[in-house]
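Working notes, structure below.
Quick note on labels: first sequence line is chain A, next is B, and so on, each numbered from 1. Note that these values count all heavy atoms, side chains included, but never hydrogens, waters or copies made by symmetry.
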2 protein chains.
Amino acid sequence: METAGGRKRFRGTGLSGESPVKLSDVAALAGVSAATASRALNTPGKVSDAMRDKVRAAAATLGYVPDAAARALASRRSRTIGAVVPTLDNPIFAAGVQGLETRLEALGYALVVASSDYRAEKELRQTTTLVERGVEGLMFVGIAHRPSLYRLLETRGIPYVSTWSFDPSDPHPGIGFDNFEAASRMTDYLLGLGHRRFAMIAGITRDNDRAAARLAGVRHVLAARGIVLESRNVIETPYGVTEGRDAFHTLLGGRPDGRPTAVICGNDLQAFGALFEAAAMGLDVPGALSITGFDDSVMSGHIPPGLTTMHVPTAEMGQLAADYLVNCIEGRPVRAKTRVEVRLVVRGSSGPAPR
Amino acid sequence: METAGGRKRFRGTGLSGESPVKLSDVAALAGVSAATASRALNTPGKVSDAMRDKVRAAAATLGYVPDAAARALASRRSRTIGAVVPTLDNPIFAAGVQGLETRLEALGYALVVASSDYRAEKELRQTTTLVERGVEGLMFVGIAHRPSLYRLLETRGIPYVSTWSFDPSDPHPGIGFDNFEAASRMTDYLLGLGHRRFAMIAGITRDNDRAAARLAGVRHVLAARGIVLESRNVIETPYGVTEGRDAFHTLLGGRPDGRPTAVICGNDLQAFGALFEAAAMGLDVPGALSITGFDDSVMSGHIPPGLTTMHVPTAEMGQLAADYLVNCIEGRPVRAKTRVEVRLVVRGSSGPAPR
DNA sequence: GCAGTCAATGAAAGCGCTTTCACATTGATG
DNA sequence: CATCAATGTGAAAGCGCTTTCATTGACTGC
């Protein structure tokens with residue numbers, strides 16, 4: 001009663017009457033069967049040209065809009081893809097989603113987005129509702145997911161792909177880069193500049209394999225050179241400018257001796273914060289210390305002195321994810337693992353270690 | 001043949017077999033009719049407690065996941081909302097969509113996003129496909145839309161709401177702020193600081209009522225004070241840092257005399273660009289000239305000297321849009337027009353006119 | 001000229017679910 | 001005790017579309 005009542009009222013909300021133009025109406029106007037009308041609209045090659053035109057004309061006069069639900073039910077195809085990202089508030093994910101959407105729309109698919117808030121458990125919940133919604137493919141960020149998430153998708157045969165992370169040892173399809181290796185490269189670069197005292201402002205590593213891999217990569221390379229990244233020189237904090245700023249202050253404050261000469265940040269936002277705080281503290285960058293970011297977001301080339309960072313092809317990953325999923329769905333061959341290139345972009349925020 | 005073949009191959013792609021657990025399977029296991037199973041799952045109040053538990057248990061053992069297409073077809077409800085935004089690459093829209101998504105998920109609705117690329121014609125196309133997809137409500141950005149867009153929605157009785165713009169004279173439901181008034185306020189503020197020579201770096205006004213209203217607001221206030229905004233002092237350019245930078249350079253370059261002392265930008269990104277270019281040109285901000293933005297994006301409080309800008313409650317608009325649409329859909333009363341507050345945030349980039 | 005082929009069409013059977021509607025039960029009521 | 005209203009449940013009819021399958025002609029080749 002309640003639901004029905006609500007619906008009735010909603011139905012009444014429409015200014016004009018509803019538009020219950022259905023395929024059979026189009027067929028009737030065109031003087032053909034519903035089957036033919038369907039074919040004329042969806043697989044024009046299967047009907048005569050005259051037929052096609054006649055049906056199209058009828059559809060146009062009636063303002064026919066197909067009902068996706070009915071179509072999905074009958075054809076078992078929703079032509080919808082889902083994406084679960086941590087948050088659209090991080091421009092980097094927004095850009096990835098934009099890349100995905102653009103490509104999907106060109107391929108005739110719609111995009112349903114859901115956010116996980118960096119929580120594996122919420123990711124699983126969101127995924128379940130997307131599956132209920134009938135998405136034919138799913139894009140995730142990162143490779144650390146609940147096992148039951150994979151199980152859900154695999155038992156139902158729904159294609160999926162991880163992005164942002166590339167790990168050859170991970171058995172699941174993925175499009176991304178090796179965060180560990182990228183962080184290693186950044187560290188190598190800084191070592192090459194003579195830095196020996198390091199600090200890191202990392203993202204929250206829990207439920208975030210990218211943040212964890214970046215931290216691990218830094219640690220690994222330093223350890224190989226006999227340098228220990230002390231825990232007081234590592235701060236995990238959410239990705240954000242203010243957070244980066246605060247972390248930098250904690251790291252550098254009240255420590256005139258043995259200060260790090262290189263601060264590696266988990267992403268650009270944190271690095272911007274570090275940069276601003278360094279300026280506020282009167283620390284010369286890169287003279288007194290170097291600061292690096294990760295993502296190469298739009299501001300990093302502009303903010304003085306220019307942020308040294310790792311360029312990540314976000315839109316490209318979204319686009320490749322779209323291609324991967326649609327190819328899976330449409331039965332074309334796919335490569336399960338695709339590695340995209342990240343590029344070290346050296347700008348003014350990094351330089352030789354002091355002394 | 002082609003489609004069927006593709007589908008067959010896709011079906012075979014699933015690692016394990018498909019999971020065609022349908023409601024009737026659940027009903028059978030629970031030893032009840034499909035009707036009762038449906039009720040037990042969706043309207044628990046209509047069945048006995050024992051029944052409810054029995055069906056839920058059966059659904060759980062079978063790993064039942066309802067088919068949204070079938071449900072939508074039978075109930076005429078998709079529980080899906082659509083959003084058409086210019087682009088997710090602009091963090092401001094990404095944040096709005098994030099606000100919308102968060103609220104919708106709490107209300108049990110899914111979100112389909114599409115981007116218009118700031119083009120009215122693409123917006124119409126995207127809207128049509130969303131309508132085909134069966135969205136029950138739609139969110140747009142701005143109030144300038146193709147008439148046929150409104151017609152489509154109204155003949156079908158689909159609730160919709162514009163955001164980002166508030167115009168009492170616009171007959172359509174909307175949640176936003178008055179861009180004209182906001183830009184006027186900004187201009188007033190600068191006039192109060194003694195500025196008389198103005199320039200504006202505006203967004204592309206075609207198909208963008210926000211950009212147009214902001215420009216008009218500036219023009220209007222200046223005209224009221226007898227100041228003409230000469231066309232050589234207005235540049236329309238896409239929202240972006242580089243674009244803002246270039247525009248600023250054009251505006252200020254090779255013009256030692258009669259230079260503007262206040263540059264009003266259409267959004268923060270352009271303002272950042274202006275700020276950077278001013279620094280590169282050795283122009284003192286706010287000593288020699290003031291620069292203002294619009295949006296109050298996350299960086300504006302951090303970038304020295306701090307950007308004076310108009311704070312826009314993006315997430316709040318998304319959230320209000322979600323509430324509005326869902327209330328419409330579920331037959332609850334709604335307010336057709338909601339005005340949100342924008343706030344002038346004065347920071348270091350603006351100051352008294354020189355001299 | 002006649003079997004055989006092929007393209008074009010229509011009839012009809014669902015896709016998996018919701019939702020009347022009718023049919024028992026039950027318990028309360030006069 | 002017979003009557004009436006709840007209450008809980010099942011049978012069955014679709015929701016609007018796609019897709020077999022069968023049928024019809026029109027055409028080919030021998």
Side-chain angles (χ1 to χ4, degrees), chain A residues 1-8 11 18-28 30-55 59 62 64-79 131-134 136 156, chain B residues 1-8 11 18-28 30-55 59 62 64-79 131-134 136 156:
Chain A
M1 201 55 15
E2 188 187 325
T3 309
R7 225 173 87 220
K8 200 160 288 163
R11 290 284 157 198
E18 294 307 291
S19 166
V21 178
K22 48 184 76 164
L23 186 59
S24 57
D25 298 330
V26 175
V32 300
S33 72
T36 302
S38 171
R39 281 187 286 250
L41 263 17
N42 302 317
T43 50
K46 288 186 181 168
V47 298
S48 66
D49 290 4
M51 183 87 290
R52 172 171 47 67
D53 296 343
K54 202 163 53 173
V55 174
L62 260 32
Y64 171 66
V65 174
D67 178 321
R71 184 200 293 246
L73 180 56
S75 66
R76 320 298 316 133
R77 302 274 331 264
S78 65
R79 292 193 81 81
V131 168
E132 291 185 16
R133 244 86 197 185
E136 294 187 60
R156 304 186 67 97
Chain B
M1 202 61 11
E2 189 187 324
T3 310
R7 225 174 85 219
K8 199 161 287 162
R11 287 285 159 198
E18 295 307 292
S19 166
V21 179
K22 48 183 75 163
L23 185 60
S24 58
D25 298 331
V26 175
V32 301
S33 74
T36 302
S38 171
R39 282 187 284 249
L41 263 16
N42 303 317
T43 49
K46 289 186 181 169
V47 299
S48 64
D49 289 5
M51 183 86 291
R52 171 172 48 67
D53 296 343
K54 202 162 51 172
V55 173
L62 259 32
Y64 171 67
V65 174
D67 179 321
R71 183 201 294 246
L73 180 55
S75 66
R76 322 296 319 135
R77 303 263 285 109
S78 66
R79 292 192 81 80
V131 169
E132 291 185 14
R133 243 87 197 187
E136 294 187 59
R156 304 186 66 97

Q) Would A:R76 and B:D67 count as a side chain to side chain contact (heavy atoms under 4.5 Å, CB included) if you check the C-alpha gap in whole Å, the side-chain angles of each, and the deciding distance to 0.1 Å? A) CA-CA 10 Å; A:R76 320 298 316 133; B:D67 179 321; 3.1 Å; yes

For [X] and [N], give me the distance from atom [atom1] to atom [atom2], rounded to whole Å.
{"X": "A:R133", "N": "C:dC17", "atom1": "CZ", "atom2": "C1'", "answer": "15 Å"}
{"X": "A:M51", "N": "D:dG25", "atom1": "CE", "atom2": "P", "answer": "16 Å"}
{"X": "B:D67", "N": "D:dC17", "atom1": "CG", "atom2": "C1'", "answer": "14 Å"}
{"X": "A:R77", "N": "D:dT19", "atom1": "CZ", "atom2": "P", "answer": "9 Å"}
{"X": "A:R79", "N": "D:dC17", "atom1": "CZ", "atom2": "P", "answer": "17 Å"}
{"X": "A:E132", "N": "C:dG16", "atom1": "CD", "atom2": "C1'", "answer": "14 Å"}
{"X": "A:L23", "N": "C:dA12", "atom1": "CG", "atom2": "C1'", "answer": "15 Å"}
{"X": "A:K22", "N": "D:dT18", "atom1": "NZ", "atom2": "P", "answer": "14 Å"}

Examine [N]: is either OP1 or OP2 under 4.0 Å from a nitrogen or oxygen in the side chain of [X]? Give yes or no.
{"X": "A:S33", "N": "C:dT9", "answer": "no"}
{"X": "B:S48", "N": "D:dT9", "answer": "yes"}
{"X": "B:T36", "N": "D:dT9", "answer": "no"}
{"X": "A:R76", "N": "C:dC15", "answer": "no"}

(Q) Distance criterion of 3.5 Å, no angle test: do you see the side chain of A:R39 paired donor-to-acceptor with the base of C:dG10? (A) yes

Distance, nearest 0.5 Å, that separates [atom1] of [X] from [atom2] of [Y]:
{"X": "A:R52", "Y": "A:L41", "atom1": "CZ", "atom2": "CG", "answer": "11.0 Å"}
{"X": "A:K46", "Y": "A:S38", "atom1": "NZ", "atom2": "OG", "answer": "9.0 Å"}
{"X": "A:R39", "Y": "A:M51", "atom1": "CZ", "atom2": "CE", "answer": "10.5 Å"}

**Q.** Closest-nucleotide ordering on DNA chain D, the 5'-leading residue of A:Y64 and B:G45
**A.** B:G45

Q | Closest listed nucleotide, where the reference is the side chain of A:S38 and the choices are C:dG16, D:dT18, D:dC17 | A | D:dT18

Q) Among D:dA12, D:dC17, C:dT18, which nucleotide sits nearest the side chain of B:A35? A)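 Taking heavy atoms from C-beta onward, the closest nucleotide is D:dA12.
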
Q) Can any side-chain N or O of B:R133 pair as donor or acceptor with the backbone N or O of A:R79 at less than 3.5 Å? A) yes

